[in-house]
Amino acid sequence: MKLRIAPSPTGELHIGNARTALFNWLYARKNNGKFLLRIDDTDTERSTPEHIENIVQNLSWLGIDWDEGYELSDSNSYKQSDRFGRYEEIANQLLENDFAYEDDGAVRFRVEKDKEILFKDYVRGDMKFNTNDVEDFVILRSDKSPTYHLASTVDDIDYEITIIARGEDILSSTPKHIMIMNALNAKVPDFCHLPLLFGPDGKKLSKRHGDTSVSSFRERGVLSETMFNYMSILGWSPGNDIEIFDKEFAINNFDLKNVLANPAIFDTQKLLWMNGQYIREFDEKTFNKIAQETIETSLARELFSEEIERINLILSVVQERLETLKDLMGQVEFLLDEPFNVDKDEWEEVNSKSAQEYLTNIRNEFKTMKDFELDKIEAMMREQLKKLDLKPKDGFQAARVAITGTKISPPLFESIYALGQSSTIARIAEKIDNL
RNA sequence: GGCCCCGUCGUCCAGAGGCCUAGGACGCUGGGUUUUCAACCCAGAAACGCCGGUUCGAAUCCGGUCGGGGCUGCCA
C-alpha cells in the first residue's frame, strides 16, 4: 500500500492540503503502508522554492513524515519540474498510439465518446461518469510542459501509488486520469476523494478567508499537537464522542473509509479552545521550557537568569489562562527587564483617595515584611483592606495596575510574589502622589 | 447552463431501521466561584431542509424536490 501527498508549491502549506496529507499519512501508518511526498510544480509561473520549503517545514512541524519522496536520498526526483522530459516522452507515446493529437502546438488527449468510466471511491461509493461530459483535454502545453493531469497521472503510475486520496475538488477530473492510465495500460489505483474544508461562508477555504496557511496558525501560537488533533476531527471521528487524542490514538483508530463525505467548516474558535486544553496539559518543567522559548523568540534576546526565576514563579497560574502561546507575553511582561509603564487610562479608573491610602499602607507593610511569601502577602493585603474598610476590588485593582501596569494580569498575590519585594515597593511608590 | 458531490443544533462530530422524548464538543445564554482576565463547576436554549414511498416502525433505506458546494483553464 502506498499513498501520497502532492502539493503544488504555489503558496504556503494550506490547512486543506495539510488535512489531506494528514489523512493519507494516518492511513499509511495505520496499515504499515508507505507515504510519499511529491512536489507538483508543473505551474512554473507560480511555483517557488520558498513555498516548497514552507510546505516541507510545516509538514515536519505537524509530525507528518514521509518514507519516500522529496529530498530523501534516493536517485529519483520527486519534483515534477525535474521530470518534464519523462512527461513529454509519454505524451509522444500517446500521440503515436493515437490516444492524443496535436492542437496548435499543444497535445490534447482524445476522449472516446459514449463510454462510461466507473470507479469506486472510498468515501463516495460507486462513481460513474460519461465520457460525453469530458472534453478533449490538454496534456502537454505548446511550450512542451505537462499539465497537472498528465504529470500527476504519470507520477502516480511511475511511483506505484496504490491509493490516491485527495480533495474532492478533483473528483470530476478523475475520469481523465483513469483514461490516461488505461491508454498507458497501467493498473488503476483506488480513489478516495476527501471532503473539502470550507471557510465560515461555506465556500472552499482559500485566501479570501484570511491567512489559512499552517504557518500562520503556528505563528499565532497554536501548538502542533493542537493542529494535528483539530484537523483530524474535521470529517472524521474515532467514535464514542472522543475528540481530544494524540497521534498514536489517531493512527490506531483511523480509516479512510470512515471519513465523512460532507465538507467541514474550519472553526478557528474551537481550534483555539483546543489549544488552551493542550497548553493546560503540559507538566511544569515542559511548560516552563516552552514559555521561556516563546518569550525569547518574541523579545529576540535571551532571558537573564533572574528573569527566568521570576517568570517560573508565576507560570503555573499563567498556564491555565492561555489560549495560545502568543498570549503569554502580555501576562508576564511586567516581570521582565524591559521598560515598564502603567496604562494611564486604567490607572485613572482605579485611582482614588482610598486607593492612595491603601497603597501607602501596604507599601509600609511591605517595607518591614520579614518573610516575603505568598500567604503572608495575601494575609497582609487583606488585613489592610479591612483596616480601611475597603472592598477587595477597590484596593486590589489599584495595586494590580500599579504593580503589573494593567487591569488584566495574572492573580495579584502571585504577581507580587514573582516580582519580588523591592520592585513591588518601588512600583507602589511610583503611584503614590505625595511621595 | 452542463456534469458531479453533499444535506443531524450557528459550527464540528455521535447516530449504520426500534436503545432517539436525537448524544458529546465549541460557541451562545443564565447562575456559581472570584482581586482583574481567564480557568473551573452547574443549568439552559439550540438540529434530523421539505414532500412522497418502503416498513408494524425511518435521522437511518428509496425517489423527488429544495438548498449548499465543486468542476467545467495550455491552474492544480
Side-chain angles (χ1 to χ4, degrees), chain A residues 6-11 17 40-43 45-47 80 103-108 121 123-125 127-130 132-135 137-152 166-176 193 195-196 198 200-204 230 232-244 258 260-274 276-277 279-280 317-323 327 330-331 346 350 378 381-382 385 391-401 404 406-413 415:
Chain A
S8 295
T10 54
N17 283 130
D40 279 15
D41 58 347
T42 52
D43 183 348
E45 293 284 304
R46 297 192 298 145
S47 298
Q80 294 189 329
D103 173 29
D104 287 341
V107 177
R108 275 183 194 279
D121 189 285
V123 320
R124 280 153 230 285
M127 299 297 307
K128 186 167 84 176
F129 286 84
N130 191 303
N132 292 347
D133 297 316
V134 184
E135 315 239 321
F137 53 97
V138 172
I139 53 175
L140 204 66
R141 303 186 185 100
S142 30
D143 66 359
K144 301 301 169 203
S145 68
T147 62
Y148 163 73
H149 301 303
L150 210 223
S152 174
R166 75 238 293 198
E168 195 207 321
D169 50 345
I170 316 181
L171 181 58
S172 6
S173 295
T174 302
K176 295 176 184 170
H193 288 92
L196 260 21
F198 283 176
D201 62 350
K203 299 218 175 11
K204 193 162 101 167
Y230 182 66
S232 306
I233 60 166
L234 293 180
W236 177 73
S237 152
N240 299 113
D241 291 331
I242 297 170
E243 58 178 12
I244 293 197
N258 285 345
L260 260 32
N262 50 305
I265 290 173
F266 189 88
D267 182 2
T268 309
Q269 269 189 317
K270 184 154 183 174
L271 170 77
L272 294 178
W273 164 80
M274 190 179 276
Q277 301 300 306
I279 286 178
R280 250 140 260 149
V317 292
V318 168
Q319 181 175 7
E320 60 192 42
R321 56 216 328 100
L322 295 184
E323 196 163 57
D327 304 334
Q331 293 273 321
E346 292 189 5
V350 297
E378 174 166 1
M381 288 182 73
R382 287 194 188 282
L385 219 46
K391 286 182 181 152
K393 194 177 176 181
D394 298 324
F396 290 170
Q397 278 301 79
R400 182 191 307 281
V401 176
T404 70
T406 164
K407 289 206 285 192
I408 297 172
S409 82
L412 184 57
F413 310 127
S415 297

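In the text below, chain A, chain B and the rest are named by the order of the sequence lines, each starting its count at 1. What you are looking at is a predicted structure, and each value in this text was computed from that prediction instead of being measured.
- A:Leu196 has its CG atom 13 Å from the C1' atom of B:G68, to the nearest Å.
- The residue A:Phe413 sits close to a base: some heavy atom pair falls under 4.0 Å.
- Here the C1' atom of nucleotide B:G27 and the CD atom of A:Glu323 are 12 Å apart, to the nearest Å.
- Nucleic acid contact class of A:Arg108 (heavy atoms, under 4.0 Å, all strands): sugar-phosphate only.
- In this structure, A:Tyr230 contributes its side chain and A:Asp267 its backbone to a donor-acceptor pair below 3.5 Å.
- The side chain of A:Arg280 places no N or O atom within less than 4.0 Å of a non-bridging phosphate oxygen (OP1 or OP2) of B:A39.
- Each of A:Leu271 and A:Tyr230 was matched to the nucleotide of RNA chain B holding its nearest heavy atom; the match closer to the 5' end belongs to A:Tyr230.
- Using a 4.0 Å heavy-atom cutoff across all strands shown, A:Pro195 reaches no nucleic acid atom at all.
- A:Pro7 comes within contact range of no nucleotide atom at all, as no heavy-atom separation falls under 4.0 Å.
- Within 4.0 Å (heavy atoms only), A:Glu243 reaches at least one base atom of the nucleic acid.
- Of the side-chain N and O atoms in A:Lys270, none sit less than 4.0 angstrom from OP1 or OP2 of B:U11.
- As judged by a 4.0 angstrom heavy-atom cut-off over every strand, A:Ser237 is placed among residues touching the sugar-phosphate backbone only.
- Here A:Thr42 reaches the OP1 or OP2 of B:A76: one of its side-chain N or O atoms lies under 4.0 Å away.
- Evaluation of atom-type donor-acceptor distances gives a pair under 3.5 Å for the side chain of A:Ser142 against the base of B:C74.
- Between the side chain of A:Arg124 and the base of B:C5, no donor-acceptor pair of N or O atoms lies under 3.5 Å.
- Using a 4.0 Å heavy-atom criterion, one finds that A:Asp133 contacts the sugar-phosphate atoms exclusively.
- Side-chain N/O atoms of A:Asn262 and base N/O atoms of B:G7 include no donor-acceptor pair closer than 3.5 Å.
- Within 4.0 Å (heavy atoms only), A:Leu260 reaches sugar-phosphate atoms of the nucleic acid but no base atom.
- Within the 4.0 Å cut-off from OP1 or OP2 of B:A39, not a single side-chain nitrogen or oxygen of A:Gln331 is found.
- Nucleic acid contact for A:Met127: sugar-phosphate only, since backbone atoms but no base atoms lie under 4.0 Å from a heavy atom of the residue.
- Residue-environment remark: CD (A:Glu135) stays at or below the threshold of 12 foreign heavy atoms within 6.0 Å.
- Ranked by how close their nearest RNA chain B nucleotide is to the 5' end, A:Glu168 and A:Gly239 are led by A:Glu168.
- Judged purely by atom type and a 3.5 angstrom limit, A:Thr42 has no side-chain atom pairing as donor or acceptor with the backbone of A:Thr147.
- Within the nucleic acid shown, A:Asn132 has no heavy atom closer than 4.0 Å to any nucleic acid atom.
- Nucleotide B:C71 holds its P atom 12 Å from the NZ atom of A:Lys203, rounded to whole Å.
- Under the side chain to side chain donor-acceptor pair (under 3.5 Å) rule, A:Gln80 has a single partner from A:Asp41, A:Asp43, A:Asp40, which is A:Asp40.
- Put simply, A:Lys204 has a side-chain N or O that comes within less than 4.0 Å of OP1 or OP2 on B:C71.
- A:Ala106 comes within 4.0 angstrom of a nucleotide base, judged by non-hydrogen atoms across all strands.
- For A:Arg321 against B:U36, a side-chain N or O and a base N or O form a donor-acceptor pair under 3.5 Å.
- Residue contacts for A:Phe266: at a heavy-atom cut-off of 4.0 Å it reaches no nucleic acid atom on any strand shown.
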